[in-house]
> 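I'd like to ask some things about the structure below.
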Amino acid sequence: MFPKIEITPSFNAPRELVFKAFTESEHLQNWWGLKGWAFDISKFELRQEGVFHYSQTSPDGNVMWVKFVYHVNAPDKLVYTSFFSDEMGNIVRAPFNDNRLLETLNTFTFTEHVGKTILTVIGAPVSPTEEEMKTYEESQETVQEGFSGTFVQLADYLSTISYDLKTTPDLSLHREFRGCQV
């Protein structure tokens, strides 16, 4: 069994809204990705074996492509495999580290508690080489920091949108992250 990265942020928004933020491209384009980088969705098919293929462009013009393949899309769970890719969607090595994992299995579980959403994110390597495993273990803190920054962007975005429920929840910014630093 390989070690996993687990991150558990919570958001001051109902589960349905947080889930939509992850599963609708019009929401994703407003918060997903690295802070300060341009984000462009090439393909978004939220279904079994569907693909989410996107690029991120750094402020200095470097482009990085990423591809997800969805395995589970339920109202409370997303499971997908992620890869770095080229513009055509072919799997490639990370542009910044040749020993980075080629493939990662990601499980996002959405749980609602009193109008807030607790998100449990688990990332696990898929068939890593010995060198990839070493790099993975050494980069866990960096990965957690990256997700933490992305989740701050999600919390900020959630605070700007409304959601019509029988009782409207307070969508003010909430940054409570258990298991990661903000």
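Note that the coordinates shown come from a computational prediction; the quantities given were computed from them, not determined experimentally. Computation of the quantities below employed the complete heavy-atom set of this structure, encompassing side-chain atoms and omitting hydrogens, waters and symmetry-equivalent molecules.
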> Measure the shortest side-chain to side-chain distance between T8 and V121 over non-hydrogen atoms and say whether it is less than 4.5 angstrom.
no
> Return the minimal non-hydrogen interatomic distance between G36 and P59, and the atom names on each side.
O-CG, 3.4 Å
> Kindly indicate, with the supporting measurements, whether the criterion salt bridge (charged side-chain N to carboxylate O under 4.0 Å, His left out) is fulfilled by K4 and E6.
CA-CA 6 Å; K4 300 175 182 177; E6 184 169 338; over 6 Å; no
> Quick one: name the residues clustered hydrophobically with W65, using the 4.5 Å side-chain heavy-atom rule over I, L, V, M, F, W, Y, and just say none if it's on its own.
V63
> Applying side-chain contact (heavy atoms from CB on, under 4.5 Å) to S42 and H53, what does each step give before you reach the verdict?
CA-CA 5 Å; S42 174; H53 186 221; 3.7 Å; yes
> Transitively linked via ILVMFWY side-chain contacts under 4.5 Å: F19 with V79?
no
> Can you tell if the side chain of P125 reaches within under 4.5 Å of the side chain of L101, non-hydrogen atoms only?
yes
> Can I91 be reached from V126 by stepping across I, L, V, M, F, W or Y side chains whose heavy atoms are under 4.5 Å apart?
no
> Of the non-hydrogen atoms in P14 and T117, which two are nearest, and what is the gap between them?
C-OG1, 3.0 Å
> Kindly indicate, with the supporting measurements, whether the criterion side-chain contact (heavy atoms from CB on, under 4.5 Å) is fulfilled by L158 and L17.
CA-CA 8 Å; L158 290 169; L17 179 58; 3.8 Å; yes
> Any side-chain heavy atom of V152 within less than 4.5 Å of one from D156?
yes
> Let's go through L34 and M64 carefully: what are the C-alpha distance in whole Å and the side-chain angles of both, what is the deciding distance for side-chain contact (heavy atoms from CB on, under 4.5 Å) to 0.1 Å, and is it a yes or a no?
CA-CA 11 Å; L34 300 169; M64 183 170 54; 3.9 Å; yes
> Mind checking the CG-OG1 spacing from L78 to T107? Nearest 0.5 Å is all I need.
9.5 Å
> Rounded to the nearest 0.5 Å, what's the gap from CG on D76 to CG on L119? Could you check?
11.5 Å
> Between Y136 and I5, which heavy-atom pair has the shortest distance, and what is it?
OH-N, 3.2 Å
> Going only through I, L, V, M, F, W and Y residues with side-chain contacts under 4.5 Å, is there a path from I122 to Y80?
no
> Just jot down the ring-ring contact (aromatic ring centres under 6.0 Å, His included) partners of F44, sequence neighbours excluded, or say none.
F52
> If you count every heavy atom of other residues, nucleotides or ligands that lies below 6.0 Å from E130 atom CD, does the total exceed 12?
no
> For the ring pair F22 and W31, is the centre-to-centre distance below 6.0 Å?
yes
> So which atom in F110 and which in K77 form the shortest heavy-atom distance, rounded to 0.1 Å?
CD1-N, 4.1 Å
> Under a 4.0 Å N-O cut-off, is there an ion pair linking R93 with E132?
yes
> Between atom CZ of R15 and atom CD of E112, what is the distance when rounded to the nearest 0.5 Å?
6.5 Å
> Quick one: pull up CG in D40 and OG1 in T57 and give me the separation to the nearest 0.5 Å.
7.5 Å
> For G33 and Q56, work out which heavy atoms get closest and say how close.
CA-OE1, 3.0 Å
> Any donor-acceptor pair under 3.5 Å linking the side chain of E45 with the backbone of V51?
yes
> Taking atom CD of E145 and atom CD of E141, what is their separation to the nearest 0.5 Å?
5.0 Å
> Output a table of donor-acceptor pairs, distance under 3.5 Å, between side-chain atoms of residues 66-74 and any protein atom two or more places apart or on a different chain; print 'none' if there are none.
residue	atom	partner	partner atom	Å
K67	NZ	G89	O	3.1
H71	NE2	V69	O	3.4
H71	NE2	T81	OG1	2.4

> Give a yes or no on whether F83 and I41 share a hydrophobic cluster (residues Ile, Leu, Val, Met, Phe, Trp, Tyr; joining criterion: side-chain heavy atoms under 4.5 Å apart).
no
> Could you check, using the six-membered ring where one of them is a Trp, whether F84 and F96 have ring centers closer than 6.0 angstrom?
yes
> Would you please say whether a donor-acceptor pair under 3.5 Å links the side chains of N106 and S82?
yes
> Closest approach of H27 and A21, non-hydrogen atoms and distance?
CB-CA, 3.6 Å
> Test side-chain contact (heavy atoms from CB on, under 4.5 Å) on F151 and I7 and set out the steps.
CA-CA 10 Å; F151 293 148; I7 305 167; 4.3 Å; yes
> Output the distance between atom OG (S148) and atom CD (Q153), rounded to the nearest 0.5 Å.
11.5 Å
